[in-house]
Amino acid sequence: MITVADILSPPNIHLGPLLVVAPAITASFAGARLTALVGVIGVAALVVIGVMRDGLTTSNHETQLAALILVSALVVAFRALRDRHTRELVQVRSVSEATQRVLLRPLPTRIGPLRIASVYLAAEAEAQIGGDLYAASRTSTGTRLIVGDVRGKGLTSLGEAALLLGAFRAAAHLQATLPELAAYLDGSVSWDLAAAASADGGDDGDPEPPPDGGGGEEDGGGGSGDGAGDVKPSDAGESFITAVILDIPDHGGQIQVINCGHPPPLLLHAGQVHSLDAARPAPPLGLGGLVEPRYEADVFPFAGGDRLLLYTDGVVEARNGDRDFYPLTERIRAWATERPAALLQHLRRDLLGYAGGRLGDDAAMVALERVAAEQGTVEGEVAAEQGTVEGEVAAEQGTVEGEVAAEQGTTEQGATEGEVATEHEAAAQVETG
């Protein structure tokens, strides 16, 4: 259009310089190759304008042509540079996502008699996880879980989260009490924080390693371990991790909980919401060297059909436009009878809607449901009945195959005997003749 308009315009009107718009606009949505192609077409169009009007040798057309070539080349170069940066960003993002998935492994939907669902909402854009964490581990008698929150938010707190998750996965399945496990985790976190502080401060002395048994019998399971006791306040700094640690036996209607400065779990029983506040709360993990805590587990009921919600402070500290905190206890009552996956789906949608689509802090949520004994029995009976039917079908099929084989064997044997008898008769006739 620009080319035709320029050719049909009076001699004193020149529209050719407007052709530079074509590669510039193309670069905003297309790649470098298409931008270069549009630039070449623009240069060709400007040549056509020069031939149709005053010729290519005039200073005006030479200047326009040189300017269009220069601008097109710069636009293509910038577009190519942007494409390269985009490819690098995609590659780095893929590596980051893979690393985050390895660090925060997805929880299985079923562990023993428990149904489980989890949701993670990272505060930082382009990140899948941050400083919040959760993990589950099977033991010989049940399931142990941890939900924690590293001080701070975003990717800067991944180091402490990785440390605690690794320590939990290594020790949760061992035959140790829940207080011993909490003491071991505190010692591991304290030792790592002291090592980091020593490295930052140029201290050549190595901190004492964390305890290998989480307290052992000598501590009665209540101390923070030898490693935690050697951490000085100046080493620990201001880093710590709040956490709630649970031990859920496969049998029985109770659970053990140790709360280390974390928001209390919510028990959903018969459509009602109950906060499981700790009678003997412990300090956050990583501060054991400052206060020397004695960990003691609180016992709460958790019967078949009950649900349990574990969460981090990013949920209850979410604010709406009026700066009001998210009323979790009131909102969750509407979904108290939902399965864990559906419950978290409703909660996630409601939380983001309340906060305007984005949270100010990382938020993690884990929902549990203990499968009722009757339901488990029904499922077992269905599986057993299915196995019985399959066995009967297999037996019947085997019987039919046996009968067919028997009939086939009888037929073959009869045919063989008939052939033998015929041969004997023929031999007898020959002898008689």
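Side chains included, hydrogens not; waters and symmetry mates left out as well; all remaining heavy atoms used.
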side-chain contact (heavy atoms from CB on, under 4.5 Å) assessment of L145 paired with L368: CA-CA 10 Å; L145 291 99; L368 313 172; 3.8 Å; yes
Distance (rounded to the nearest 0.5 Å) between L276 CG and L246 CG: 8.5 Å
Given V47, L46, T63, the one that forms side chain to side chain contact (heavy atoms under 4.5 Å, CB included) with L68: L46
Reported CG-to-OH distance for the pair L133 and Y120, which is rounded to 0.5 angstrom: 7.5 Å
Minimum side-chain heavy-atom gap R144-I245 below 4.5 Å: no
CZ/R138: more than 12 non-hydrogen atoms of other groups inside 6.0 Å: yes
Side chain to side chain, R79 and T26, heavy atoms closer than 4.5 Å: no
Polar side-chain atom of R110 near backbone of G112 as donor-acceptor pair, under 3.5 Å: yes
Charged N-O contact under 4.0 Å between R319 and D361: no
All side chain to side chain contact (heavy atoms under 4.5 Å, CB included) counterparts of P249, not counting sequence neighbours: none
Check against side-chain contact (heavy atoms from CB on, under 4.5 Å), L164 and I146: CA-CA 10 Å; L164 181 57; I146 185 172; 4.0 Å; yes
Pairwise side-chain contact, L266 with S275, heavy-atom cut-off 4.5 Å (strictly under): yes
Crowding at CD, E88 (>12 non-hydrogen neighbours, <6.0 Å): yes
Main-chain N/O of G131 paired to D362 side chain as donor or acceptor, under 3.5 Å: yes
Nearest atoms (heavy-atom pairs only) where V119 meets Y134: O-CE2, 4.3 Å
Pair L359-L352, side-chain contact (heavy atoms from CB on, under 4.5 Å): steps then yes or no: CA-CA 7 Å; L359 302 179; L352 291 177; 4.2 Å; yes
From CG (L178) to CG (D247), nearest 0.5 Å: 5.5 Å
Partners passing salt bridge (charged side-chain N to carboxylate O under 4.0 Å, His left out) against R280 (at least two apart in sequence or in another chain): E296, D298
Quiz: residues 28-39 side-chain donor-acceptor pairs under 3.5 angstrom, not counting sequence neighbours:
residue : atom : partner : partner atom : Å
S28     : OG   : I25     : O            : 2.5
T35     : OG1  : G31     : O            : 2.7

Heavy atoms from other residues, nucleotides or ligands near NE2 of H85 exceed 12 (cutoff 6.0 Å): yes
Ion pair D83/R87, N-O distance below 4.0 Å: no
Non-hydrogen side-chain atoms of L328 and L347 separated by less than 4.5 Å: yes
Closest contact, heavy atoms only, D250 versus P113: OD1-CD, 3.2 Å
Intermediate values then yes/no, side-chain contact (heavy atoms from CB on, under 4.5 Å), V371 and R115: CA-CA 7 Å; V371 179; R115 290 193 182 96; 3.7 Å; yes
Under 3.5 Å donor-acceptor, R339 side chain and L343 backbone: no
Spacing of H346 atom NE2 and I332 atom CD1 [to the nearest 0.5 Å]: 11.5 Å
Atom of A167, atom of Y184 and distance for their closest heavy-atom approach: O-CE2, 3.8 Å
Non-hydrogen side-chain atoms of W335 and Q345 separated by less than 4.5 Å: no
Close side-chain approach of L351 to L121, heavy-atom, < 4.5 Å: yes
Heavy-atom pair with the smallest gap, counting every atom of P23 and L19: CD-O, 3.3 Å
Pairwise side-chain contact, Y295 with L181, heavy-atom cut-off 4.5 Å (strictly under): no
Which residues share a side-chain hydrogen bond (donor to acceptor under 3.5 Å, both in side chains) with S137, sequence neighbours left out: none
Closest contact, heavy atoms only, A172 versus T139: O-CG2, 3.4 Å
Set of residues satisfying salt bridge (charged side-chain N to carboxylate O under 4.0 Å, His left out) with respect to R370, sequence neighbours excluded: none
Other residues, nucleotides, ligands: >12 heavy atoms within 6.0 Å of R331 CZ: yes
Exam field: side chain D186 to backbone G286, donor-acceptor pair closer than 3.5 Å: yes
Where A363 and V315 come nearest, the two heavy atoms and their spacing: CB-CG2, 3.8 Å
Side-chain heavy-atom pair I258, P179 within 4.5 angstrom cut-off: yes
Short side-chain to backbone donor-acceptor contact, Y354 and F325, under 3.5 Å: yes
Gap separating the CG atom of D149 from the OG1 atom of T242, nearest 0.5 angstrom: 4.5 Å
Donor-acceptor contact below 3.5 Å, side chain S72 vs main chain I69: no
Return all side-chain donor-acceptor pairs below 3.5 angstrom for residues 299-313, not counting sequence neighbours, or 'none' if the list is empty.
residue : atom : partner : partner atom : Å
D306    : OD1  : H269    : ND1          : 2.7
D306    : OD2  : H269    : ND1          : 3.4
D306    : OD2  : A303    : N            : 2.9
R307    : NE   : E338    : O            : 2.6
R307    : NH1  : G305    : O            : 2.6
R307    : NH2  : T337    : O            : 3.2
R307    : NH2  : E369    : OE2          : 3.2
Y311    : OH   : P264    : O            : 2.8
T312    : OG1  : D132    : OD2          : 2.7
T312    : OG1  : A364    : N            : 3.0

Heavy-atom donor-acceptor pair, D322 side chain to D324 backbone, under 3.5 Å: no
